[in-house]
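Chain letters run A, B, ... following the sequence lines, proteins first, then strands; residues in each count from 1.
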Amino acid sequence: MAITLSEAAAERVRRFLENRGSGIGVRLGVKTSGCSGMAYVLEFVDELNDDDVVFEDHGVKVIVDKKSLVYLDGTELDYGKEGLNEGFLFNNPNVKEACGCGESFTV
Amino acid sequence: MALLQIAEPGQSAAPHQHRLAAGIDLGTTNSLVATVRSGVAETLADEHGEHLLPSVVRYTPDGVVVGRAARDAAIEDPHNTIVSVKRLIGRGVEDLKVLGDALPYRFVDTDSAVPRIQTVAGPVSAVEVSAEILKVLARRAEQTLGGELTGVVITVPAYFDDAQRQATKDAARLAGLHVFRLLNEPTAAAVAYGLDREADGVHAIYDLGGGTFDISILRLNKGVFEVMATGGDSALGGDDFDHAIAEWMMAQAGIAGSASAGLLRTLMQQARSAKEALASQEQVDIELTLDDGGRWQGTLDRDTLNRLIDPLIRKTISACRRTLRDAGVSVSEIKDVVMVGGSTRALRVREKVGEFFETEPLVDIDPDRVVAVGAALQADVLAGNKPEDEMLLLDVIPLSLGIETMGGLVEKIIPRNTTIPVARAQEFTTFKDGQTAMAIHVVQGERELVADNRSLARFELRGIPPMVAGAARIRVTFSVDADGLLHVEAEELSTGVRASVEVKPSYGLTDREIADMLTASIEHAGEDMAARRLAEQKVEAARVIEALEAALAADGAQLLDEEERQRIEQALQALRDTAQHSDDDQAIKAAIEALEKTCEFYVERRMNSNIRKAMAGHKVDEFE
């Protein structure tokens, strides 16, 4: 079981955390909602919960709760640009179908 | 594939429900848009990587051009290219006369109070021109964020009055934007530095832009920023630095007063880049091709630059001194000085400002962008991307708001120093039998009598069903939104008929006037109370007279004999005279009591007669 970060994503997370001035890492998760079943969660983490699993890649801590890990195992978090817009991308091998925009998905 | 941003813990948005928000610094010379992404507030660049959008709009037969391309055309097409529209927004035809003939535009003669500029695309107002700038910034933000904006925070100078603020909001509405709130520029700068998270204290915001200088003194009190005083010079800025340098170059090259227009433009550009270079190096070499084809070479060092711009900096420092005096604070009370505006990059400016305020000025955030960054932080909070407890309170109501009640008295509905936004309601009733309308007079101030306060608005609630005096229930609701816009609504509760009015209470009043109104309320507290007691007794007398007259008309003839009736009429007349001529509330009170005593037997008879009437035809056990 593993979650990884691309070099670019790790660099961004590090920068955002530094700017924020607090937080131990970034949380990846899923919640049930959205137009296609599941939606991704991407949040700063200030404290760990009991069921959290912590990964470390490129010196950045990635926190995933056990329930979400089932759906995210093997995911690589990447950082990309589309025109003027830029942000994080989930490269999730578990996804069977995603909605048009990719904000929600089914496994 | 969607691009996601990192949210605060627990604040992840549902898919397609991102609460995208932006802060907009709508400047005189340049405008900027900023937003918060993954916890970081940043200004946004266009596709060429430019953050600053020149606040210039050019109207052509083929459409509207905004920004750099419009600015470059300003010289060749001055009538259709609108620059510095911020100086015109919210101004009436009368104000423009004061601004003078310096404006190159052709104004359309209209009956309306809003001046319009004649362009090839037809007449345009300052609101429409500003809306074009806002549209470009909003489009940039939406492209960058990948979605529609839920709302924006737009900054305005602290000295903007009611009309200028309203016009700015109108421009946003015209651009299809929802305005969360308008934010004072110095407050935005303070927010960008996180001063709102610090302990209470007084801060100075020194804003030296291209063409204007503003100094604002803010007091942070329990999380609320209050503008204590503003000052400055609307015709002093970095451009004057460039002028001074260009003149020095001309004197050095021996061409003072004889340079061509083309050379003057080159000189200004050279002066500007020399000034910018000297922020990081000790001296800079300048080369010029003169009008006669000759060349001039020179060196400008920091000492010379300082000598050239010191007189200008001194002017800003005297404005600071005056503004501190207006605010009634001393230099030692200033905790922080925030530097805003590109011209504060000049090291000499920082040095002199630091010397005057006896503190190291805050310069970490790009001074061109700091206002937009503060606006973006505020917009992010207002869009709901932060936990509730980080909500900022930024304004208070400077003077109490209320309505006029019978006798010219003021009933305060929202007391002064209440933080906004706020809504308060109070119920009122009718004074006369069968009254079907009520005049609502909205007033502002601390005094007890309407005459001593400031009148804000009047409107009427009509369609109240006829009832006996005191039976109707009219709820008057005062709500003040985050921009200080007051909305007053009156509703008759049984029928739901309502009427309302909107006013902007705080703008147009200077701090000095507010202070004067407050002092007056304290000085006159004693006589105000006496005036209130007198007015209250007069109202009470009028009510008693009214009720008695109605009763006499209804059943006086049946229940009273001639002598009794005369006795009552006499006492009634006595009260009328006293209420009309006396300034002594006790005398009126006594007259009311005397009349009530005289009428006691009559009131008793009326009651018995009414009960008889009510009981007639009913059996006794029905009342058990």
Side-chain angles (χ1 to χ4, degrees), chain A residues 9 11-49 52 60 62-63 68 77-92 95 98-105, chain B residues 1-20 22 33-51 53 136-149 192-194 197 364-365 373 376-377 380 385-387 389-390:
Chain A
E11 194 264 317
R12 289 292 164 154
V13 173
R14 243 195 323 268
R15 191 163 77 84
F16 290 144
L17 278 170
E18 206 172 282
N19 247 301
R20 191 166 174 265
S22 64
I24 50 181
V26 64
R27 173 183 300 283
L28 271 59
V30 296
K31 57 180 181 185
T32 49
S33 72
C35 44
S36 194
M38 302 270 200
Y40 292 115
V41 169
L42 189 62
E43 289 175 358
F44 292 112
V45 180
D46 288 322
E47 50 196 43
L48 292 176
N49 298 324
D52 280 338
V60 172
V62 179
I63 292 104
S68 294
L77 186 69
D78 197 5
Y79 195 83
K81 274 192 182 193
E82 270 172 24
L84 288 175
N85 190 7
E86 52 187 79
F88 293 92
L89 291 158
F90 282 73
N91 289 326
N92 184 351
V95 173
C99 78
C101 63
E103 268 195 60
S104 54
F105 61 96
Chain B
M1 187 68 200
L3 295 165
L4 300 173
Q5 307 297 331
I6 310 177
E8 287 298 310
Q11 303 285 318
S12 278
H16 313 291
Q17 295 191 350
H18 297 283
R19 291 166 295 223
L20 304 178
V33 58
T35 191
V36 176
R37 281 188 295 173
S38 298
V40 181
E42 285 173 325
T43 55
L44 305 176
D46 66 5
E47 54 271 33
H48 307 296
E50 295 285 341
H51 289 253
L53 177 75
V136 171
L137 294 170
R139 200 159 53 224
R140 186 192 290 179
E142 292 185 345
Q143 277 172 4
T144 310
L145 297 172
E148 208 172 299
L149 292 175
Y193 276 102
R197 306 249 170 282
D364 295 337
I365 305 177
V373 163
L377 289 169
D380 192 47
N385 292 324
K386 287 260 185 173
D389 58 342
E390 291 196 29

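Annotation for A:E47: atom CD does not count as buried by contact number, only 12 or fewer foreign heavy atoms lying within 6.0 Å.
When each of A:V41, A:L17, A:D78, A:V45 is scored by its heavy-atom pairs under 4.5 Å with chain B, the top score falls to A:V41.
For A:R12, no part sits under 4.5 Å from any heavy atom of chain B, backbone or side chain. Both the backbone and the side chain of A:E86 have a heavy atom closer than 4.5 Å to some heavy atom of chain B. Only the side chain of A:R20 comes within contact range of chain B, with at least one heavy atom under 4.5 Å from a heavy atom of that chain.
Put simply, the side chain of B:L20 does not reach to within 4.5 Å of the side chain of B:Q5, judged on heavy atoms.
Ring orientation note: the planes of A:F88 and A:Y79 are nearly perpendicular, at an angle over 60° on the 30°/60° scale.
Residues passing the side chain to side chain donor-acceptor pair (under 3.5 Å) test with B:R139, sequence neighbours excluded: none.
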